[in-house]
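Not measured: the values here are computed from a predicted model. All values below come from the heavy atoms of this structure, side chains included, with hydrogens, waters and symmetry mates left out. A note on names: the letters A, B, ... follow the listed sequences, proteins ahead of strands, and every chain is numbered from 1.
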Number of protein chains: 2
Amino acid sequence: MKNNIRGLRKAMKISQEELAKRSNVSRQTINAIENNKYDPTLNLAFTIAYLLNTNVDDLFQFEIKENKRR
Amino acid sequence: MKNNIRGLRKAMKISQEELAKRSNVSRQTINAIENNKYDPTLNLAFTIAYLLNTNVDDLFQFEIKENKRR
DNA sequence: ATAAAATGTAAAACATATTTGACATTTTTC
DNA sequence: GAAAAATGTCAAATATGTTTTACATTTTAT
């Protein structure tokens, strides 16, 4: 799962620290997500999308992985 | 965070078990999410939205909680 | 070139999501 | 109304996300 948080954040000219404060998470969390260390929770995804004036579906690029049906 | 998984799933006439299989998660997970016990991960949210022919922003109703800035 | 700000990273503790197995209740089908 | 299918729920174990503290490196501003 990729995302363009960094791009939109920079366009808005705010730091990871600032986005973290507005999102009520730690700076490390924003940093980790921007660097694709892990995905945010659904709640945080919605919060960040809201703060960056976009939506979850546009902010995150989900690649469908097809399912070998059990 | 609310969602309309149950509604779309029933419209599609598949069981929780079937949606679980297609999503590669357990039936209990689908059940818990439909009953708002907890939110799915971002990945699972995207997967379910995809399977139900919708998107994350439409499938989940996120209520913005305003932030008492630190 | 130096100081300040921003970013990267790591480990331990804690929080939340998911699985598995099991059983009870409700709904659907015949 | 009995059987089968679907749904609800619980506990313990595992996986993943988040916080805190701390420090190193990179970038920006002067």
Side-chain angles (χ1 to χ4, degrees):
Chain A
M1 180 101 63
K2 292 182 180 177
N3 69 75
N4 192 28
I5 294 174
R6 179 159 299 167
L8 296 180
R9 176 177 62 76
K10 289 199 166 174
M12 194 171 273
K13 295 195 182 301
I14 61 175
S15 64
Q16 292 182 344
E17 171 93 38
E18 179 61 21
L19 181 57
K21 279 179 184 161
R22 296 186 190 181
S23 308
N24 281 321
V25 294
S26 70
R27 177 180 66 82
Q28 287 81 342
T29 294
I30 298 295
N31 184 73
I33 294 166
E34 282 193 358
N35 288 299
N36 292 297
K37 300 296 176 57
Y38 49 72
D39 294 327
T41 58
L42 186 56
N43 242 286
L44 182 52
F46 268 101
T47 299
I48 293 174
Y50 169 76
L51 291 170
L52 296 178
N53 300 309
T54 185
N55 52 60
V56 173
D57 290 288
D58 286 341
L59 187 55
F60 296 88
Q61 289 83 49
F62 174 66
E63 54 265 18
I64 311 108
K65 61 174 54 175
E66 279 311 337
N67 178 4
K68 47 283 176 186
R69 197 67 168 296
R70 293 166 234 175
Chain B
M1 180 100 63
K2 293 181 178 176
N3 69 75
N4 191 29
I5 294 175
R6 179 159 298 167
L8 296 179
R9 175 177 62 76
K10 289 198 166 175
M12 193 171 274
K13 294 195 181 303
I14 61 175
S15 65
Q16 292 181 346
E17 170 94 37
E18 179 60 22
L19 180 56
K21 278 179 184 161
R22 296 186 190 181
S23 307
N24 282 322
V25 294
S26 70
R27 177 180 65 81
Q28 287 83 338
T29 294
I30 297 296
N31 183 74
I33 294 166
E34 282 193 357
N35 289 297
N36 291 297
K37 300 296 176 59
Y38 49 72
D39 294 326
T41 58
L42 187 57
N43 242 287
L44 182 52
F46 268 101
T47 299
I48 294 175
Y50 169 76
L51 291 170
L52 295 178
N53 300 309
T54 184
N55 51 60
V56 172
D57 290 288
D58 286 341
L59 188 55
F60 296 88
Q61 290 82 49
F62 174 65
E63 55 265 18
I64 310 106
K65 59 174 55 176
E66 278 312 337
N67 178 2
K68 49 283 177 189
R69 197 68 167 297
R70 297 167 233 173

Result for 5'-nearest mapping on DNA chain D, choosing between A:K10 and B:E17, is B:E17

Problem - side-chain N/O A:S26 vs D:dT19 OP1/OP2, d < 4.0 Å - result: yes

B:L44 atom CG is separated from D:dG17 atom C1', nearest whole Å, by 15 Å

Rounded to whole Å, CZ of B:R9 lies from P of C:dT27 at a distance of 13 Å

For this session: Would you check, one step at a time, whether the test side-chain contact (heavy atoms from CB on, under 4.5 Å) holds for A:I48 with A:I30?
Result: CA-CA 9 Å; A:I48 293 174; A:I30 298 295; 3.9 Å; yes

A:N36 atom CG is separated from C:dT9 atom C1', nearest whole Å, by 16 Å

Identify all pairs in which a protein N or O lies below 3.5 Å from an N or O of nucleotides 9-11 of chain D, and state each distance.
residue	atom	partner	partner atom	Å
D:dT9	OP2	B:K37	NZ	3.2

Smallest heavy-atom separation, B:F62 atom then A:N43 atom, equals CE1-OD1, 3.1 Å

Scanning both residues in full, the closest heavy-atom pair of A:A45 with B:L42 reads CB-CD1, 3.8 Å

Rounded to whole Å, CD of B:Q16 lies from P of C:dT25 at a distance of 18 Å

Heavy-atom closest pair (A:F46 atom, B:D57 atom, distance to 0.1 Å) is CE2-OD1, 3.5 Å

Taking D:dG17, C:dT18, C:dT7 as options, the one with an atom nearest any side-chain atom of A:D39 is D:dG17

Here the distance between atom P of D:dT27 and atom CD1 of A:I14, to the nearest Å, is 20 Å

A:I33 atom CD1 is separated from C:dT7 atom P, nearest whole Å, by 15 Å

Rounding to the nearest 10°, end axes of the helix from C:dA1-D:dT30 to C:dC30-D:dG1 built from five pairs each make an angle of 70°

(Q) Is there a side-chain contact between B:R6 and the phosphate of D:dA6, meaning an N or O under 4.0 Å from OP1 or OP2? (A) no

Atom CG of A:L42 and atom P of C:dA17 are separated, to the nearest Å, by 10 Å

Item to complete: Using a cut-off of strictly less than 4.0 Å, decide whether A:S15 has a side-chain nitrogen or oxygen near OP1 or OP2 of C:dA5.
Response: no

When all nucleic acid strands are considered with a 4.0 Å heavy-atom cut-off, which category describes B:T41: base, sugar-phosphate, or nothing?
sugar-phosphate

Note to self: Treating B:N31 as the side-chain partner and B:R27 as the backbone partner, does any N or O pair qualify as donor plus acceptor under 3.5 Å?
What the structure shows: no

B:Y38 has its side chain closest, among D:dT7, D:dT18, C:dT18, to C:dT18

Here the distance between atom P of D:dT7 and atom CD of B:E18, to the nearest Å, is 11 Å

In terms of heavy-atom contacts, B:S23 and B:T47 come closest through CA-CG2, 4.0 Å

Rounded to the nearest 0.5 Å, the CG atom of B:L51 sits from the CG atom of B:L8 at a distance of 11.5 Å

Query raised in the report: Counting distance only, does the side-chain N/O of A:N3 pair as donor-acceptor with the main-chain N or O of A:I33 below 3.5 Å?
Result: yes

Closest non-hydrogen contact found for A:N36 with A:M1 is OD1-O, 3.0 Å

Closest non-hydrogen contact found for A:I5 with A:F60 is CD1-CZ, 4.2 Å

